[in-house]
Amino acid sequence: MFDVLKGILMILIITIHTIGFTNDSLPADVCIRFLAGLYRYGGVIIALFFVLAGYSFKPAKNLKKHLKKQAKEFLLPYAIVVALACAVIAVRGALDGSFSVGSVTSVFFAGLYGATKPFEIHGVWVSCIVALWFPLAFFFSDVLYQLLWKIKNEKLTLALIWILTALGVLVPSDIASFVPWTLVQSVSVLGFIEVGRLIKKRKTLYEKRNPFAVLAVLAVWILLHIVSECNIGANLYRFLWLDYAVAAAAGVVFMKGYLASGLADAACLAPLEYIGRNSMWILYIHSFELVAFPWNAAFAASLPKGISPVILFLAANAVRIAFDVFVCVGINFFYGRYLNRKLGK
């Protein structure tokens, strides 16, 4: 039902990362600066993924079996991406003569620690995992949410969810970014997951709402982020719970708008549906290229000169999206053949 929406969100995540690269690495451009300024509105994109997770939430009958399944789905690909990124960095460095042990170990330790910001400890440089914080937070928030719903007292469960959420939001970004395995972010997003569960339980998406209330939510969301910023990966909520509540409310409004638009059933949007259905795999692929092939100033220097940053942004973003999707298609194809052989088909 929400695959097309997930596809749109995944495209936006890739685009936001490309905008950030273009703004940081290429000559200043009015259009790029404007697009980069919209980054402060990106919190609702991430919030929506967790709201959608809550919408599809079901208490696990066998918690141990569920955790094994989740670990296989999230932690195993995470480890594979980190290992592949380290291997590519080592090979690339050996080929172009820039190899250093530190370039490999910094990524390895970043993956081991789950660092969302680079730092140095006892002379050892630890890079950051960039977009890989997302599957980590998905895994750990799911584990915690499942554990909380094992409590037989529902009122206590709800109280703990919102208390933990409120406390997580209070943790400053500079501290949260250095807590291992995105544990702070995993606690902070519990409220988004709970919002998803509640709107499904109450059938909120199918209720008629006052259009003025919808416009009010969108207006507050737009106006608030002129002076504020909500970055869930960095656990940044400048206006704390107000930012959080507005991101959740705006996410629900976008879900209602999506269902009302009929996009979910549009046959012409099958490519977006495919991206949404495979959004986590595409995120892993995107994370791999972010870590293994960082789009930094050195890379920017190798790009053709005299081309508008806007054109470079559009071209780079198109290449990125195409690469991530085609690699996903290839993985699905070969994995499908492997399963067919295993099953004797």
Side-chain angles (χ1 to χ4, degrees), residues 9 12-13 16 20 36-55 57 114-117 119 128-131 133-134 136-145 147-148 155-199 202 204 213-256:
L9 296 176
L12 288 174
I13 287 174
I16 285 172
L38 297 179
Y39 180 81
R40 63 181 60 242
Y41 290 94
V44 71
I45 297 173
I46 304 301
L48 263 169
F49 272 105
F50 289 101
V51 173
L52 288 168
Y55 195 86
F57 169 76
T116 55
K117 277 188 179 180
F119 64 93
C128 69
I129 55 174
V130 201
W133 76 269
F134 191 60
L136 281 185
F138 241 88
F139 174 77
F140 286 112
S141 62
D142 175 75
V143 170
L144 185 53
Y145 197 73
L147 287 172
L148 288 169
K155 290 183 179 179
L156 178 59
T157 295
L158 293 174
L160 287 173
I161 287 172
W162 290 112
I163 289 171
L164 287 171
T165 298
L167 291 174
V169 170
L170 280 176
V171 178
S173 176
D174 289 340
I175 294 176
S177 296
F178 298 108
V179 175
W181 289 83
T182 66
L183 293 178
V184 173
Q185 292 89 331
S186 301
V187 169
S188 297
V189 300
L190 289 174
F192 292 131
I193 300 173
E194 177 60 16
V195 167
R197 188 192 70 85
L198 285 174
I199 62 174
R202 299 176 181 178
T204 305
V214 172
L215 290 174
V217 169
L218 294 177
V220 171
W221 175 64
I222 292 170
L223 295 173
L224 177 65
H225 288 83
I226 292 175
V227 293
S228 185
E229 185 176 352
C230 176
N231 186 329
I232 296 170
N235 207 63
L236 174 62
Y237 304 93
R238 191 162 293 166
F239 288 168
L240 301 175
W241 303 297
L242 178 59
D243 275 325
Y244 196 97
V246 170
V252 174
V253 167
F254 289 137
M255 287 174 71
K256 285 181 67 70

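Scope of the values below: all heavy atoms of this structure, side chains included, with no hydrogens, waters or symmetry mates.
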Novice: Could you check whether any side-chain heavy atom of Thr204 comes within less than 4.5 Å of a side-chain heavy atom of Met255, counting everything from C-beta outward?
Specialist: no
Novice: As an exercise, state the distance from CG of Leu190 to OH of Tyr145, rounded to the nearest 0.5 Å.
Specialist: 8.0 Å
Novice: Of all heavy-atom pairs between Ala248 and Val195, which one has the smallest distance, and what is that distance?
Specialist: CB-CG2, 4.3 Å
Novice: Between Ser141 and Ser186, which heavy-atom pair has the shortest distance, and what is it?
Specialist: CB-O, 3.4 Å
Novice: With side chain to side chain contact (heavy atoms under 4.5 Å, CB included) as the test, would you mind laying out the steps for Val252 and Val217 before giving the verdict?
Specialist: CA-CA 10 Å; Val252 174; Val217 169; over 6 Å; no
Novice: Are side-chain heavy atoms of Asn231 and Ser173 found at a separation under 4.5 Å?
Specialist: no
Novice: Just by modelled atom types, is the Val171 backbone N or O under 3.5 Å from a matching donor or acceptor in the Asn235 side chain?
Specialist: yes
Novice: Please tell me if the side chains of Val214 and Lys256 come closer than 4.5 Å, counting only heavy atoms from C-beta onward.
Specialist: no
Novice: Within this structure, what is the CD1-CD1 distance for the pair Ile16 and Ile46, rounded to the nearest 0.5 Å?
Specialist: 7.0 Å
Novice: Taking side chain to side chain contact (heavy atoms under 4.5 Å, CB included) as the test, write out the residues that go with Leu240, two or more places apart.
Specialist: Val169, Leu170
Novice: To the nearest 0.5 Å, tell me how far Trp133 CH2 sits from Phe138 CZ.
Specialist: 9.0 Å
Novice: Donor-acceptor check, side chain of Ser177 to backbone of Thr116, threshold 3.5 angstrom: yes or no?
Specialist: no
Novice: Could you tell me the separation between the CD1 atom of Ile45 and the SG atom of Cys230, rounded to the nearest 0.5 Å?
Specialist: 11.0 Å
Novice: Contact between Ile129 and Leu136 at the side-chain level, heavy atoms closer than 4.5 Å - yes or no?
Specialist: yes
Novice: Name all residues meeting the ring pair (Phe, Tyr, Trp, His ring centres under 6.0 Å) criterion together with Tyr244; count only those two or more places apart in sequence or in a different chain, and write none if there are none.
Specialist: Phe192, Tyr237
Novice: Between Phe49 and Ile13, is any pair of side-chain heavy atoms under 4.5 Å apart?
Specialist: yes
Novice: Output the distance between atom CD1 (Ile161) and atom CG (Leu156), rounded to the nearest 0.5 Å.
Specialist: 10.0 Å
Novice: Out of curiosity, Phe140 CZ to Leu183 CG, how far, rounded to the nearest 0.5 Å?
Specialist: 6.0 Å
Novice: Quick one: side chain to side chain contact (heavy atoms under 4.5 Å, CB included) partners of Phe239, sequence neighbours excluded?
Specialist: Leu224, Val227, Ser228, Leu242, Asp243
Novice: With no hydrogens and no angle check, do the side chains of Glu229 and Tyr39 hold a donor and an acceptor under 3.5 Å apart?
Specialist: no
Novice: Should Val189 and Ile232 count as side-chain neighbours, where that means a heavy-atom distance under 4.5 Å?
Specialist: yes
Novice: Can you check whether Trp241 reaches Thr165 side chain to side chain, under 4.5 Å on heavy atoms?
Specialist: no
Novice: Measure across Val184 and Ala176 and return the closest heavy-atom pair with its distance rounded to 0.1 Å.
Specialist: CG1-CB, 3.6 Å
Novice: Does any part of the side chain of Lys117, heavy atoms only, come nearer than 4.5 Å to the side chain of Asp174, both counted from C-beta?
Specialist: yes
Novice: So, does Thr157 use its side chain to make a donor-acceptor pair with the main chain of Leu148 at under 3.5 Å?
Specialist: yes
